[in-house]
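Counting convention: from 1, in listed order, for ligands and their atoms alike.
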Amino acid sequence: MKILVVGGGGREHAIASALSRSGGNVIYAVMSRENPGIAHLAQDICLAPETDLAQITAFSQKTGVTHAFIGPEAPLEAGVVDQLSAEGIACVGPTKAAARIETDKAFCRNLMTEHGIEGNPFYRVFHNPSEAIAFVKDHDGDLAVKPIGLTGGKGVRIMGEQVDLNGAIRYIREINGGVVLEERLQGEEFTLQAFVDGTHIVPMPLVQDHKRAFEGDTGPNTGGMGSYTMTDHMLPFVTKKDFTAAFSIMASVVAALASDGYPYKGILYGQFMNTAQGPKVIEFNARFGDPEAMNVLSLLSSDLTEAVTGITEGTLSASKISFEHAATVCKYLVPEGYPGAPVTGRPLSLGRKGDALLYYANVEERGGILYTLTSRTLAFVGKGDTLAEAERIAEEAASAVAGSVHHRRDIGTAALLNRRIAHMKELR
Ligand code: AMP
Ligand code: GLY
């Protein structure tokens, strides 16, 4: 198929790379800055903001693509799927209305409540900052403060961790467009991504992401510093029962969206907190996770085109989708100072990457040299028969890069995994 990939990060490089593994595809790409990895795989690229529907449409018409795969959330919110569908292009990604499951946190929580779906924490939605502040004062302590709209994964403030009462009040005053205040959940986080064709839902291996910038889960929240999967596609602190509960929540959300008139087609990303009482929803995303896409797409052993056809034609079937039973570890290199004050425009040199897979993200290539930009730079994925093997491969490749970048050495290590398992044991 002739397929357009929208987006220019590590996630989209992984999508393009998986599409390129099947012989018959011709890939085109729209991205705001040239990603060297995607550019290498694409027949032609268009450098334009990922929300510029006019340029995306014009490029689609020029290239004659039949399909589009939308990577990030911003074009979904801008209505890229509605626009391309009107042009007769079959899209992997929800319409603007269905994408509200991610782009409008109040919509998501209310949909779950209205349809009686398990997994919501206690929450309240406020459009008036004074009322939100009064509520926070009454509930001194354990709340998560979330802007309703998109924030690039960096908008949440957890009281008692990142802000105190006064900090939460100051933050609420800064937010435009409403706030969701919700119970602070305690547990271990995991990601469940699924292919969805409006009705059918096919799950992918579970992944654990690492939001905090520094080792030991310290420092500010980031877009995600790295992630891992296990050979059995589960995580050692998630039981079969937890998995079934999380999957059932996602299936119920897909059914609720369809029955309310917003059928969901694309990748649905569920972020869960596994609590003493089972999985609770932290949020849904209307797309693959970044970095989580790099883990699961590196494991996909069936043809991604099969999933694209299933999603767009409503014929998705678990029997046609398979993942290797290997472990993966993904480590992102980020500029020194990221996320607060990233050092940009610094040259990087890659070392020996061994068996690691390399995915380019927010990096610029000039005259054959790579330079850092403001966001996550490159990711290495190690794949192995054990988590330890996958970690060693990713770590060796990541630490062989020279330049003003750093990465989390602890992601995928036994020490970190044992801490997660012990934490879950203590809660249950
Ligand atoms: P989000 O932007 O919704 O993915 O949230 C970013 C991070 O904030 C999550 O990965 C969690 O670590 C944390 N978080 C969000 N909501 C809650 C909550 N209700 N309770 C505890 N932690 C949360
Ligand atoms: N890794 C989290 C996200 O993509 O939102």
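Within ligand 1, counting atoms from 1 as listed, the ones closer than 4.0 Å to a heavy atom of Lys105 are 3 (O). Less than 4.0 angstrom separates some heavy atom of Gly289 from each of these atoms of ligand 2: 4 (O). Heavy-atom contacts of Gly223 reach the following atoms of ligand 2: 1 (N), 2 (C) (cutoff under 4.0 Å). Ligand 2 places these atoms under 4.0 Å from at least one heavy atom of Asp209: 1 (N), 2 (C). Those atoms of ligand 2 with a heavy atom of Arg287 less than 4.0 angstrom away are 3 (C), 4 (O), 5 (O). Ligand 1 places these atoms under 4.0 Å from at least one heavy atom of Ile282: 3 (O), 15 (C), 16 (N).
Applying the ring pair (Phe, Tyr, Trp, His ring centres under 6.0 Å) test to residues at least two apart or on different chains, the pairs with a partner in residues 92-128 are Phe126-Phe135.
No part of Gln271 comes within 4.0 Å of ligand 2, judged by heavy-atom distances. Only the side chain of Ile158 comes within contact range of ligand 1, with a heavy atom under 4.0 Å; no backbone atom does. Residue-level proximity to ligand 2 for Glu283 is absent, since no heavy atom of it falls below 4.0 angstrom. Contacts of Asn285 with ligand 2, taken as heavy-atom pairs under 4.0 Å, involve the side chain alone. Of the heavy atoms in Glu102, none comes closer than 4.0 Å to ligand 1. Only the side chain of Val156 comes within 4.0 Å of ligand 1, judged by heavy-atom distances. Within the 4.0 Å heavy-atom criterion, the part of Gln271 lying near ligand 1 is the side chain and not the backbone.
A salt bridge links Arg184 to Glu161: one of the charged nitrogens lies within less than 4.0 Å of a carboxylate oxygen. Electrostatic pairing of Arg408 and Glu215 does not count as a salt bridge here, judged by no charged N lying under 4.0 Å from a carboxylate O. Glu396 has a carboxylate O that lies under 4.0 Å from a charged side-chain N of Arg392, or vice versa, which qualifies the two as a salt bridge. Using a 4.0 Å cut-off between charged nitrogen and carboxylate oxygen, Lys211 and Asp217 do not count as a salt-bridge pair. Taking 4.0 Å as the cut-off between side-chain N and carboxylate O, Arg428 and Asp242 count as a salt-bridged pair. A salt bridge is absent between Arg124 and Glu131: the closest approach of a Lys/Arg side-chain nitrogen to an acidic carboxylate oxygen does not fall below 4.0 angstrom.
Judged by distance alone, the side chains of Arg109 and Asn120 do bring a donor and an acceptor atom under 3.5 Å apart. In this model, a donor atom of one side chain and an acceptor atom of the other lie less than 3.5 Å apart for Ser322 and Ser301.
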Check: residues 326-335 side-chain donor-acceptor pairs under 3.5 Å, at least two apart:
residue: Thr328; atom: OG1; partner: Thr229; partner atom: OG1; Å: 2.6
residue: Thr328; atom: OG1; partner: Asn295; partner atom: ND2; Å: 2.9
residue: Lys331; atom: NZ; partner: Glu391; partner atom: OE2; Å: 2.8
residue: Lys331; atom: NZ; partner: Glu395; partner atom: OE1; Å: 2.8
residue: Lys331; atom: NZ; partner: Arg409; partner atom: O; Å: 2.9
residue: Lys331; atom: NZ; partner: Ile411; partner atom: O; Å: 3.2
residue: Tyr332; atom: OH; partner: Asp290; partner atom: OD1; Å: 2.7
residue: Tyr332; atom: OH; partner: Asp290; partner atom: OD2; Å: 3.4

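Comparing Gln162, Arg157, Glu189, Arg184 by heavy-atom distance to atom 12 (O) of ligand 1, the nearest is Glu189. Of the candidates Ala144, Pro121, Gly223, Ala144 brings a heavy atom nearest to atom 18 (C) of ligand 1. For atom 19 (N) of ligand 1, the candidate residues are Lys211, Glu283, Arg212, Glu183; the nearest heavy-atom contact is made by Glu183.
The line from NE2 of His233 to CD of Glu324 is 8.0 Å long, rounded to the nearest 0.5 Å. Distance check, rounded to the nearest 0.5 Å: CG of Asp385 to OG1 of Thr231 gives 8.5 Å.
Contact between Gln186 and ligand 1 is absent, with no heavy atom of the residue lying under 4.0 Å from the ligand. Contact analysis leaves Gly224 out of contact with ligand 2, as no non-hydrogen atom separation drops below 4.0 angstrom.
Checked by distance only, ligand 2 and Lys211 stay at 3.5 Å or farther apart across all their nitrogen or oxygen atoms.
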